[in-house]
There are 2 protein chains.
Amino acid sequence: MARGDKGEGQTGGIQSLDAALRLLGAMMERRGPASLSELARECRMPPSKVHRYLASFQHAGLVEQAGRSGKYDLGPGAVTLGLSALARHDFVNRASDALPDLCTESGLTALLSVWGNQGATVIRWERAASPTVTSMGLGTTLPLLNSATGRAFLAWAPPAPLRAIREAEMRHARKNPAIASDLVPTQRDIDKLVETIRAQGYASVEGRFIPGLVAIAAPILDWQGEAQAVATLIGTDPILVQPGSEAVTRLIAFCKELSFAPMTMADAK
Amino acid sequence: MARGDKGEGQTGGIQSLDAALRLLGAMMERRGPASLSELARECRMPPSKVHRYLASFQHAGLVEQAGRSGKYDLGPGAVTLGLSALARHDFVNRASDALPDLCTESGLTALLSVWGNQGATVIRWERAASPTVTSMGLGTTLPLLNSATGRAFLAWAPPAPLRAIREAEMRHARKNPAIASDLVPTQRDIDKLVETIRAQGYASVEGRFIPGLVAIAAPILDWQGEAQAVATLIGTDPILVQPGSEAVTRLIAFCKELSFAPMTMADAK
DNA sequence: AAAAGCATTGCATAATCTGGAAAATAACCT
DNA sequence: AGGTTATTTTCCAGATTATGCAATGCTTTT
């Protein structure tokens, strides 16, 4: 069971690194900080091993120890790494650059989100002289069913990555029916909602996620027609969500401009 | 030879992992894809070593190979990892959770604000036993020039969203010079004030906004170095605002803890 | 077409990681 | 507070595992 065993799992790489990355993956799956022993149990590794891996990750900034309690969590380096990786994709840069314009032209708060494994994650945030949400910041994850942003992902993102969160939110919605007042949490109703959103070209909510606020969201599509990111406008005037309103027009134009990057396949050289 | 050597670089972790993470750091610093040999040269490692590390990273999804030509770049897994980390560094929520501690430790009233459309907006409010305060509540907006909170935004928030309010307050201050006793409302003086605040690390006022009260405020910074939120301590004793006072120390530690500690995955050698 | 560059893979050596257990630390309960 | 449990962290010998050199395929250049 040793040397030339290419049976499985053999990546041609380094075993200890593979193990370390499994550990990192386990940390990623968790919602928050985890203790050493929890991680050790979850990865089926001896605690001493996990500890040494964590020490190296910590040294690199990928992991940090939350406030003296000895719990470990993903650190700033992980954010930096992710943003670097994100910056490799043109559409993110172009969208980020253009977002301020959208904000000033529409006079509304604009934000840009991408799909992470915890849901729709806000990566850019452009505040306008219009109603601003107070309890949200960069890095906030938005709900899939009850936010305009989430619904845009629901309608245009590939279904597979969404499924886990979609099901979780459906369960949650069944228990607290008050939350989603315009949505019966059944698969059928969701399909119908998706169809409506697609036909409209944008998603919207009125005061559902945050009372008193309305929002519209549209996708930035890649060459396969899947949402790579979602741009959202937030305001207070219910007029906003009306089809054909100035904000809707601007938002859709913005997203269309940024969709399917005009790159040629001939980047082979 | 290298056994008990704690002399340098020894993290208590795993050497091969440290090397691998140095490699990852090198990839991060590059703007785009890099060839194996380039990375090998840059990290001072033999190409074969780099190749095997990359194989493991690739297997984990952190790295991918661009179009068969053998160039390596950060992959989708890196984005996912970063977004997970981002979601945990939701500044506003973390700060909200920690605010009660700041309050009890300092024995002062603590509040947390973000920049809203109408100015610095109070979103959380933790009362101390002792003194208290006026008719302020959640959602109150604080002045930009005459409150410690506002001045912290002035010094650390991106200038664009502040401009409208700054100009309005400057106009107003010129008409009612009595209000801002320590500030001549000219652009030059404001620049000077900002500089002082930045150097100090916190902003303060003594009885300016509310007679008889003193306050100190420091920013919670995001990864762009911009203020995502501001934490403020309010008391009656003028000692508070002195540099080096216990309250100042606590407040700055609090904000530093919650701010995004910038960077650097790789340190040389 | 030949050559040069580059990524990829074997292989023996020894350096490195491993994992159990002890030491240090923190948390917990009475 | 004291005593006790449950963590996290460090230590150590052994052997698995990473390492670097050199050889092999590929692709690209002249």
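Chain A is the first sequence line, chain B the second, and so forth, proteins listed ahead of strands; every chain is numbered from 1. Since we're looking at a predicted model, the values are computed, not measured.
In this model, the phosphate group of D:dT19 is approached by a side-chain N or O of B:Tyr53 to a distance below 4.0 Å at OP1 or OP2. The phosphate of C:dC6 (OP1 or OP2) has no side-chain N or O of B:Gln65 nearer than 4.0 angstrom.
Note that CG of B:Leu221 and CG of B:Leu258 are 10.5 Å apart. Values are rounded to the nearest 0.5 Å.
Put simply, CZ on A:Arg41 is 11 Å from C1' on D:dA6, counting in whole angstrom units. Atom CD1 of B:Ile14 and atom P of D:dT16 are 18 Å apart (whole Å). For the pair A:Met45 CE and C:dT18 C1', the interatomic distance rounds to 12 Å; values are reported in whole Å. Rounded to an integer number of Å, the gap from A:His51 NE2 to D:dC11 P is 11 Å. A straight line from OH of B:Tyr72 to C1' of C:dA7 spans 7 Å, rounded to a whole angstrom. Between the P atom of D:dT19 and the CG atom of B:Leu23 lies a distance of 11 Å, rounded to the nearest Å. Rounded to an integer number of Å, the gap from B:Lys71 NZ to C:dA7 P is 9 Å.
Applying the side chain to side chain donor-acceptor pair (under 3.5 Å) test to every pair with at least one member in residues 156-171 of chain A, sequence neighbours left out, gives no pairs at all.
Take A:Glu226 and apply the side-chain hydrogen bond (donor to acceptor under 3.5 Å, both in side chains) test, not counting sequence neighbours, and it matches no residue. Considering only residues two or more places apart in sequence or on other chains, B:Tyr53 meets the ring pair (Phe, Tyr, Trp, His ring centres under 6.0 Å) condition with none of them. Looking at residues two or more places apart in sequence or on another chain, you find a side-chain contact (heavy atoms from CB on, under 4.5 Å) between B:Ala247 and B:Leu108, B:Ile216, B:Leu233, B:Leu240, B:Ser245. Residues passing the ring pair (Phe, Tyr, Trp, His ring centres under 6.0 Å) test with B:Tyr72, sequence neighbours excluded: none. Take B:Gln242 and apply the side-chain hydrogen bond (donor to acceptor under 3.5 Å, both in side chains) test, not counting sequence neighbours, and it matches no residue. With sequence neighbours excluded, the residues forming a side-chain contact (heavy atoms from CB on, under 4.5 Å) with B:Ala218 are B:Tyr202, B:Leu251, B:Cys255, listed by chain and number. Evaluation of the side-chain hydrogen bond (donor to acceptor under 3.5 Å, both in side chains) rule for A:Ser113 yields no partner, not counting sequence neighbours. Residues passing the side-chain hydrogen bond (donor to acceptor under 3.5 Å, both in side chains) test with A:Gln58, sequence neighbours excluded: A:Gln65.
Within residues 31-39 of chain A, the residues having any heavy atom under 4.0 Å from DNA chain D are, by residue number, A:Ser35, A:Leu36, A:Ser37.
Using a 4.5 Å heavy-atom threshold, the side chains of A:Leu111 and A:Leu99 count as separate.
Comparing the axis of the opening five pairs of the helix from C:dA1-D:dT30 to C:dA22-D:dT9 with that of the closing five pairs yields an angle of 60°, rounded to 10°.
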Distances for protein N/O vs nucleotides 21-24 of chain D N/O pairs under 3.5 angstrom?
from, atom 1, to, atom 2, distance (Å)
D:dC21, N4, B:Ser48, OG, 3.3

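Of the candidate nucleotides C:dT9, C:dT18, D:dA18, C:dT18 has the atom lying nearest to any side-chain atom of A:Lys49.
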